[in-house]
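The structure is given below, and queries will be raised subsequently.
All values derive from a computational prediction rather than experimental measurement. Numbers for residues simply follow the sequence, beginning at 1. Below, all heavy atoms of this structure are taken into account, side chains as well, without hydrogens, waters or symmetry copies.
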Amino acid sequence: MTIDLGGLSLDEAEREIYASIIARNPEHDFEPTLDRVREACALLGDPQQAYRVIHITGTNGKTSTARMCEALVREHGLRTGLFTSPHLTTVRERIQIDGEPISQAAFVELWLDVAPIISLIDERSRAAGGPRLSFFEVFTVLAFAAFADAPVDVAVIEVGMGGGWDSTNVADGDVAVIGPVAMDHAKWLGDTIADIAAEKAGIIKDGASVVVAAQIDAAAEAIAAAAAEHDATVAWEGEQLEVVDRQPGVGGQLLTLRTPAATYAEVFVPLYGEHQAHNALLALAAVEALMSDGGSPTALDPTTVEAGFGSATSPGRLEAVRTSPMILVDAAHNPHGIDALASALEEAFSFSSLVGVVGILGDKDAEGILAGLEPVLDHVVLTTVGSPRAIAAEDLEGLAKRLFGDDRVTVAPKLPDAIDAAAAIAERDDDMGAGVLIVGSVILVAEARILLDADRRKGAGRAR
């Protein structure tokens with residue numbers, strides 16, 4: 001099909017489309033209603049009902065779990081859609097079909113098809129005194145439409161924030177996955193773990209299969225209540241699900257995983273850290289439930305499972321983007337994520353010294369993040385994330401010096417300067433075993449990956 005771009009190149013058209021969408025309310029600024037997205041989907045013929053859905057929420061690990069789910073489903077010969085956020089390099093990463101970001105041409109064509117519906121819903125909402133569809137709501141609608149157009153057999157959908165009021169919740173998940181619940185986004189989701197867990201459990205639908213990570217009691221009780229209300233079948237980590245054995249190795253780890261249907265022995269997963277083993281367990285159980293089609297869980301073919309996990313990647317998660325010195329990026333952005341990162345670093349890498357480049361957003365627990373990093377980092381370079389929500393590097397300085405000491409803190413507000421400073425500190429003693437870790441914000445990691453041209457360096461020592 002020939003697309004009329006009005007004289008624009010595909011690059012220009014993509015930039016214009018993205019600029020028009022990002023001008024809307026950001027993804028963290030939303031009203032607790034699904035009405036606008038539901039109405040847009042209805043006008044498009046409810047595309048979210050055209051395929052089966054694995055719906056994933058939790059405080060940390062959503063994207064990695066989603067990517068592993070998608071890889072496992074695709075290895076079964078099914079066409080897949082994957083919706084994750086935020087993106088690291090191009091906004092088209094958010095909408096993937098068969099493991100690849102939607103092409104520029106398909107993205108532009110999708111926008112041209114869906115934009116009139118978006119405009120109509122905007123007009124109706126504003127006439128009623130409401131806002132336009134937000135950035136995230138628009139991308140949710142685009143993803144649902146793209147997956148129906150492909151068409152895919154299964155869509156793996158990552159919640160943007162929370163669950164019950166998240167725009168992705170207009171889809172009815174055949175399988176709901178709830179990762180570990182911890183304090184995060186309290187401004188929007190609630191001040192207690194129980195409140196946050198209840199909001200995340202809002203993705204559970206009538207008769208669905210539910211896969212739940214290990215939780216503290218308050219979270220488990222809220223999730224169990226929601227599952228009972230919807231007559232859902234639940235597989236709990238620690239009961240029906242278990243990481244039986246885990247052997248860290250070169251390039252990842254060898255896992256033995258127990259699910260309701262089988263024990264899968266010595267499966268290699270090319271991702272680092274104990275937390276990724278638990279993410280893999282959730283993904284395996286979710287796909288097992290999906291393939292069982294609502295009946296008793298049926299074991300998956302071990303060869304297919306091995307191949308699916310073997311192809312899994314998770315960019316921006318303990319990913320090596322440069323060598324000499326080695327520079328790692330990790331999207332951990334709350335204390336729970338930092339704790340998982342610290343354990344993975346200790347287990348998978350043997351740095352003689354490690355310098356951090358840290359930037360944090362204003363709605364995050366800056367003290368908890370820095371305190372979690374202090375035992376891991378020999379020196380910290382503070383920088384400012386490229387976001388209106390960022391905490392200025394200078395405003396983090398006092399807190400960082402209290403935790404690290406004056407002589408272990410450097411301030412470099414601009415990211416390129418911060419990376420240069422960190423590399424210089426790492427190399428100043430001709431220490432070949434030193435490294436740099438860029439961490440604290442997904443946006444910061446995205447900026448660093450672009451700056452360091454990470455996608456073109458995938459073959460250069462990348463820790464997947």
| field | Under-4.0 Å salt bridge between Arg79 and Asp98 | value | yes
| Thr304 and Glu75: CA distance, side-chain angles, deciding distance, side-chain hydrogen bond (donor to acceptor under 3.5 Å, both in side chains) verdict | CA-CA 6 Å; Thr304 304; Glu75 197 62 37; over 6 Å; no
| said: When you measure from the side chain of Asp378 to the backbone of Leu354, do you find a donor-acceptor pair of N or O atoms at a distance under 3.5 Å? | reply: yes
| Pick one: which of Thr233, Ile54, Val53 meets side chain to side chain contact (heavy atoms under 4.5 Å, CB included) with Val175? | Ile54
| Donor-acceptor pair, side chain of Lys205 and main chain of Ala171, under 3.5 angstrom | yes
| Does the ring of Phe139 carry Arg94 above it, NZ/CZ under 6.0 angstrom from centre and within 45° of its axis? | yes
| Residues Ser167 and Glu137: side-chain donor-acceptor under 3.5 angstrom | no
| Regarding Thr256 and Glu266, is there a side-chain donor-to-acceptor distance under 3.5 Å anywhere? | no
| request: Begin from the C-alpha positions of Thr259 and Gln240 and carry the test side-chain hydrogen bond (donor to acceptor under 3.5 Å, both in side chains) through to its verdict. | output: CA-CA 6 Å; Thr259 67; Gln240 296 87 359; over 6 Å; no
| request: Could you tell me whether a side-chain N or O of Arg52 sits under 3.5 Å from a main-chain N or O of Leu290, the two making a donor and an acceptor? | output: yes
| remark: Rounding to 0.5 Å, atoms CD (Glu346) and CZ (Phe351) come to a distance of 13.0 Å
| request: Keeping the roles fixed (side chain from Asn169, backbone from Gly164), state whether a donor-acceptor pair exists under 3.5 Å. | output: yes
| task | Show your reasoning for whether side-chain hydrogen bond (donor to acceptor under 3.5 Å, both in side chains) applies to Lys62 and Asn279. | result | CA-CA 8 Å; Lys62 296 187 295 295; Asn279 291 339; over 6 Å; no
| request: Please list, chain by chain and in numerical order, all residues satisfying side chain to side chain contact (heavy atoms under 4.5 Å, CB included) with Ala342, sequence neighbours excluded. | output: Val376
| request: Answer yes when Glu100 and Arg74 have at least one side-chain N-carboxylate O distance shorter than 4.0 Å, and no when they do not. | output: no
| query | How long is the gap from CD1 on Ile369 to NE2 on His336, to the nearest 0.5 Å? | reply | 13.5 Å
| query | Counting only heavy atoms not in Glu306, do more than 12 fall under 6.0 Å of its CD? | reply | no
| query | Hey, are Thr84 and Glu93 close enough side-chain-wise for a donor-acceptor pair under 3.5 Å? | reply | no
| Above 12 or not: heavy atoms from other molecules or residues under 6.0 Å from CD of Glu347? | yes
| Given Ile419 and Val436, is the side chain to side chain contact (heavy atoms under 4.5 Å, CB included) satisfied, shown in steps? | CA-CA 8 Å; Ile419 294 174; Val436 173; 5.7 Å; no
| query | If every non-hydrogen atom of Ala227 is compared with every non-hydrogen atom of Ile204, which pair is closest and at what distance? | reply | N-CD1, 4.1 Å
| query | Yes or no on side chain to side chain contact (heavy atoms under 4.5 Å, CB included) for Tyr18 and Thr90, after CA distance, side-chain angles and deciding distance? | reply | CA-CA 10 Å; Tyr18 182 54; Thr90 167; over 6 Å; no
| task | Flag the pair Leu328 / Val321 as yes when at least one side-chain heavy-atom distance between them is below 4.5 Å, and no otherwise. | result | no
| Would you say Glu239 has more than 12 foreign heavy atoms packed within less than 6.0 Å of its CD? | yes
| Have His55 and Thr168 got a donor and an acceptor in their side chains that come within less than 3.5 Å? | yes
| request: Report yes if some heavy atom in the side chain of Leu300 is under 4.5 Å from a heavy atom in the side chain of Met291; otherwise report no. | output: yes
| query | Using 4.0 Å as the upper bound for N to carboxylate O, is an ion pair formed by Asp363 and Arg389? | reply | yes
| task | Rounded to the nearest 0.5 Å, what's the gap from CG on Leu282 to OG on Ser64? Could you check? | result | 11.0 Å
| said: Can you confirm if the aromatic rings of Phe136 and Phe83 lie within a centre distance of less than 6.0 Å? | reply: yes
| query | Can you name the residues that form a salt bridge (Lys or Arg N to Asp or Glu O under 4.0 Å) with Asp35, not counting sequence neighbours? | reply | Arg38
| request: Please answer whether the main-chain N or O of Ala148 pairs with a side-chain N or O of Gln48 as donor and acceptor at a distance below 3.5 Å. | output: no
| In a check of side chain to side chain contact (heavy atoms under 4.5 Å, CB included) between Leu377 and each of Val355, Leu437, Val439, which one passes? | Leu437
| task | Mind running side chain to side chain contact (heavy atoms under 4.5 Å, CB included) on Val234 and Val212 for me, showing each step along the way? | result | CA-CA 7 Å; Val234 186; Val212 186; 3.7 Å; yes
| request: State whether a side-chain donor-acceptor pair under 3.5 Å links Asn334 with Asn60. | output: yes
| Do the side chain of Arg67 and the main chain of Thr313 share a donor and acceptor less than 3.5 angstrom apart? | yes
| said: Assess, by modelled atom type and distance only, whether the side chains of Ser343 and Glu274 contain a donor and an acceptor separated by less than 3.5 Å. | reply: no
| said: Evaluate Glu367 against Arg402 for salt bridge (Lys or Arg N to Asp or Glu O under 4.0 Å), listing each step before the verdict. | reply: CA-CA 10 Å; Glu367 183 168 4; Arg402 176 163 60 82; 3.5 Å; yes
| Is there a donor-acceptor pair under 3.5 Å between the side chain of Arg449 and the backbone N or O of Val445? | no
| query | If you round to the nearest 0.5 Å, how far is CG of Leu110 from CG of Leu142? | reply | 5.0 Å
| Side-chain donor or acceptor of Tyr51 paired with backbone N/O of Thr80 under 3.5 Å | no
| request: List the steps, then state whether side chain to side chain contact (heavy atoms under 4.5 Å, CB included) holds for Ser209 with Asp174. | output: CA-CA 6 Å; Ser209 296; Asp174 299 271; over 6 Å; no
| remark: In short, salt bridge (Lys or Arg N to Asp or Glu O under 4.0 Å) pairs touching residues 329-338 with sequence neighbours left out are none
| said: Using a 3.5 Å distance criterion without hydrogens, assess whether the side chain of Ser311 forms a donor-acceptor pair with backbone atoms of Gly308. | reply: yes
| query | Side chain of Thr384, backbone of Ala392: donor and acceptor closer than 3.5 Å? | reply | no
| field | Pairwise distance CG(Leu452) to CD1(Ile438) - rounded to 0.5 angstrom | value | 5.5 Å
| said: Return the NE2 to CD distance between His278 and Glu237, rounded to the nearest 0.5 Å. | reply: 5.5 Å
| message | Can you see whether Tyr264 engages Glu288 through a side-chain donor-acceptor pair at a distance of less than 3.5 angstrom? | response | yes
